Engineer: 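Let me give you the structure first, and then I'll get to my questions.
No experiment lies behind these values; they were computed from the predicted model shown. Keep in mind that the numbers below use all heavy atoms, side chains included, and drop hydrogens, waters and symmetry copies. Every number for a ligand or one of its atoms is a count from 1 in the order of the listing.
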Amino acid sequence: MSETDLEQMEGLCVEGCERCPDLVESRSRIVNGVGPEDADVVFVGEGPGANEDEQGEPFVGRSGDVLDGALADHGLRRQDVRITNCVRCRPPENRDPTDEELANCRPYLEAELERISPEVVVALGKVPAQHLLGRDVAVTKEAGTVEPVQVGDVRLDVLVCVHPAATLYDRSQEATFESTIETAATIVGAEGGQSSLGDF
Ligand code: URA
């Protein structure tokens, strides 16, 4: 990354980026990741939607409600995990980010993941799964699988997950989504033991 990129990542916050002309037009603000810098798990979505663009925080709309509910069901709290996106600006009419936009935002995501170096990265949906794994991913088929991948300077385990919004329009995806979040919770010891009170 260039000096400017690194300066922009002070505090993991990107400010004033103008790399993607369409997104500069469509966004109200840049939506940076939220959550602790020492989080054990990082959730990566595609990009901000209307609610996120308005509130300046990832996953705060209906998808966010689904995610928060599943986290709570499996012993994880939103404030203890990191939540971010492949692109930090809302694409026009909620279209998928283009390859160029994904590439433009990649250094920010890499810097965030390198700095946090979590035990597991949960890719929420097809776009982040393909972006992180660098290959085609059949998300419904591969949900729940973990694949190691090199991201910048760090080797990370990526857990493929269906997007929380998928559960809203296809109820049959709910069980897959829940069990993948359960897998993430198990990996970081939030469920099924390893509680910090376990020895007492
Ligand atoms: N969907 C995403 O992929 N990211 C968000 O932040 C919200 C919805």
Side-chain angles (χ1 to χ4, degrees), residues 12-15 17 19-20 22-24 26-36 39 41-72 76-106 108-113 116 118 120-134 136-140 142-144 151 156 158-171 173-174 176-178 180-181 184:
L12 298 177
C13 263
V14 177
E15 281 167 29
C17 180
R19 291 178 179 189
C20 306
D22 283 0
L23 303 196
V24 170
S26 58
R27 75 181 182 209
S28 312
R29 70 199 82 242
I30 294 172
V31 179
N32 285 297
V34 292
V41 52
V42 177
F43 291 86
V44 181
E46 177 179 320
N51 293 294
E52 291 74 25
D53 179 66
E54 201 180 300
Q55 296 180 47
E57 183 169 334
F59 285 97
V60 288
R62 288 181 72 204
S63 301
D65 292 341
V66 173
L67 178 60
D68 291 352
L71 293 177
L76 289 164
R77 299 182 310 168
R78 184 178 172 98
Q79 63 264 39
D80 295 332
V81 304
R82 182 98 187 163
I83 306 177
T84 193
N85 277 305
C86 294
V87 298
R88 291 170 192 245
C89 300
R90 182 191 182 195
E93 280 132 41
N94 290 342
R95 65 156 169 72
D96 285 356
T98 64
D99 287 347
E100 192 181 343
E101 289 160 355
L102 286 165
N104 286 342
C105 220
R106 174 98 190 180
Y108 303 137
L109 181 61
E110 283 193 2
E112 188 172 24
L113 293 175
I116 295 172
V120 64
V121 178
V122 184
L124 295 172
K126 195 176 185 72
V127 169
Q130 297 197 153
H131 189 50
L132 288 164
L133 295 177
D136 281 348
V137 177
V139 174
T140 313
E142 297 187 41
V151 178
L156 296 170
V158 173
L159 172 61
V160 176
C161 187
V162 296
H163 195 282
T167 68
L168 296 170
Y169 52 78
D170 179 0
R171 285 289 153 113
Q173 303 273 352
E174 263 175 30
T176 311
F177 179 70
E178 285 284 336
T180 307
I181 300 299

Engineer: What are the polar N/O contacts of ligand 1 with the protein below 3.5 Å, with distances?
Structural biologist:
residue	atom	partner	partner atom	Å
ligand 1	1 (N)	His163	NE2	3.2
ligand 1	3 (O)	Glu46	N	2.8
ligand 1	3 (O)	His163	NE2	3.1
ligand 1	4 (N)	Gly47	O	3.0
ligand 1	4 (N)	Asn85	OD1	2.8
ligand 1	6 (O)	Phe59	N	3.0
ligand 1	6 (O)	Asn85	ND2	2.9

Engineer: Do the charged groups of Arg88 and Glu112 touch, with an N to O distance under 4.0 Å?
Structural biologist: yes

Engineer: Charged N to carboxylate O below 4.0 Å: is that the case for Arg77 and Asp80?
Structural biologist: yes

Engineer: Sorted by first residue and then second, give each side-chain hydrogen bond (donor to acceptor under 3.5 Å, both in side chains) pair with at least one member in residues 49-58; sequence neighbours left out.
Structural biologist: Ser28-Asp53, Glu57-Arg78

Engineer: Take Val162 and Lys126, measure what side-chain contact (heavy atoms from CB on, under 4.5 Å) needs, and give me the verdict at the end.
Structural biologist: CA-CA 7 Å; Val162 296; Lys126 195 176 185 72; over 6 Å; no

Engineer: Looking at Arg19, Arg95, Arg106, which hits salt bridge (Lys or Arg N to Asp or Glu O under 4.0 Å) with Glu101?
Structural biologist: Arg95

Engineer: So His163 and Tyr169, ring pair (Phe, Tyr, Trp, His ring centres under 6.0 Å) or not? Walk me through it.
Structural biologist: CA-CA 11 Å; His163 195 282; Tyr169 52 78; 8.8 Å; no

